[in-house]
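So you know, we letter chains A, B, ... as the sequences are listed, proteins then strands, and number each from 1.
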Amino acid sequence: MIIEFWLIGTGTPPGFISKVDQSSILFNKLLIFVLAKGRKMPPFGAPHLLGFEIAYTAAILLICLGIYIKTKEIFSLTGYKGIQYFRLSFLFLGLSYALRLLLPMVSTTFHMREFFGFLFLIPMGYLSTMALLLLFYCAVWKMFRFRHYIALSNLLAILLSIGAFLTRSHFLLLFIQLFLLLLGLGLLLFHPHHIRVFSKARVLYLLTFAFWLFNLFVVSPQRGLPFEAKWALQGVSLIVFGALYYKVSRLAK
Amino acid sequence: MIKRRERLGVIFDILNLIAESHNSILPTPLLRKSNLSSQGFIEYYAELLQKGFVKEIFDRSGKRFITLTDKGFRFIDKYKTIVGFIEEFEL
């Protein structure tokens, strides 16, 4: 498969491999064996769906950056921690979505796909974990005043991203982040002061978190999931993000 | 039980007091009207100076007056928006 991708990229007719090509192919194989332990990145799915993925990711990135920019003034006036965590979580989330798209794109278009594809797992793992931890904390920081939360979150995010790189899989990220979501829900549900867990804002945060996990899950081609279902859920996620952006722009003008 | 004022609420109250005093007030009357302890007032005042919400001006006799900066006026204008934002997103 790697040889075919490489030959298609260079325009060489099938069946024809020069001596230079042969040594490059051998070098690639050695690199894959050493760096990626022989494991291959999955393809991104049908190429005609790439356009939709790019449009979707661009929309999410623009919304997240919009939220970050719109809240700049009120944060600069107040220095309020809740607003800081809120802004940063959306900035990191937007960047995570962009990296999520790049992850398989680099894998299919660059001939050192096996190495660079996995390398993107590190920043994506760090940014997405930090985004989710900050999103959770911005809603509960007054109840769970924990001085070392940010330092601990950074440590967890770094460890998780390194773990994802070493396992060459985004599934470790997915499972740990899902665990964090359930842990956060549990903390809120069983808090001694009976916090209203499913308020409007918290439901939006929960959906944001859940849609990120879904989008991480569908990075690999899902043979059981039809692309219509994936598009429908991504469409709903756009509505949720759009609603968040609308609220921010209405309130932070 | 009286609810403790939030930090932003205290800052707004102090800035509003300055604005209502024709944007020029001596420190002692400000302390009295702000309903804060001396230590608390000193801390808030230092923060307001450091963040550029207020500045000090001196008259010919050397008396120190406190006035609002542009940033201080903007804070007063935006306060309701800020509080609304924090409440809406439960931050």
Between [atom1] of [X] and [atom2] of [Y], what distance do you get to the nearest 0.5 Å?
{"X": "Ile74(A)", "Y": "Ile86(B)", "atom1": "CD1", "atom2": "CD1", "result": "7.0 Å"}
{"X": "Phe86(A)", "Y": "Glu90(B)", "atom1": "CZ", "atom2": "CD", "result": "11.5 Å"}
{"X": "Thr81(B)", "Y": "Arg250(A)", "atom1": "OG1", "atom2": "CZ", "result": "11.5 Å"}

Should we say atom [atom1] of [X] is surrounded by more than 12 heavy atoms from elsewhere, each under 6.0 Å from it?
{"X": "Asp77(B)", "atom1": "CG", "answer": "yes"}
{"X": "Phe146(A)", "atom1": "CZ", "answer": "yes"}
{"X": "Lys247(A)", "atom1": "NZ", "answer": "yes"}

Checklist entry - For Phe53(B), is it the side chain, the backbone, both, or neither that has a heavy atom closer than 4.5 Å to a heavy atom of chain A? => result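 When you check distances to chain A, only side chain atoms of Phe53(B) fall under 4.5 Å.
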
Checklist entry - Checking Lys78(B) against chain A: side chain, backbone, both or neither under 4.5 Å from a heavy atom? => result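 Looking at Lys78(B), just its side chain touches chain A.
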
Checklist entry - What are the two closest non-hydrogen atoms of Leu91(B) and Trp141(A), and how far apart are they? => result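 Distance-wise, the nearest heavy atoms are C-NE1, 3.5 Å.
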
Checklist entry - Which pair of heavy atoms, one from Thr78(A) and one from Lys51(B), lies closest together, and at what distance? => result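 Smallest interatomic distance, heavy atoms only, reads O-NZ, 4.0 Å.
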
Checklist entry - Which atoms of Leu204(A) come close to chain B, meaning under 4.5 Å heavy atom to heavy atom: side chain ones, backbone ones, both, or neither? => result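 The answer is neither part of Leu204(A).
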
Next on the checklist: Report which part of Lys142(A) has an atom under 4.5 Å of a heavy atom belonging to chain B: side chain, backbone, both, or neither.
Outcome noted: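 Answer is side chain: those atoms of Lys142(A) sit under 4.5 Å from chain B.
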
Checklist entry - So do Phe85(B) and Thr71(A) actually touch side chain to side chain, heavy atoms under 4.5 Å? => result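 Thr71(A) reaches Phe85(B) side chain to side chain.
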
Checklist entry - Under 3.5 Å, side chain of Tyr205(A) to main-chain N/O of Phe89(B), donor-acceptor pair present? => result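 Pair found, side chain donor or acceptor close to backbone of Phe89(B).
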
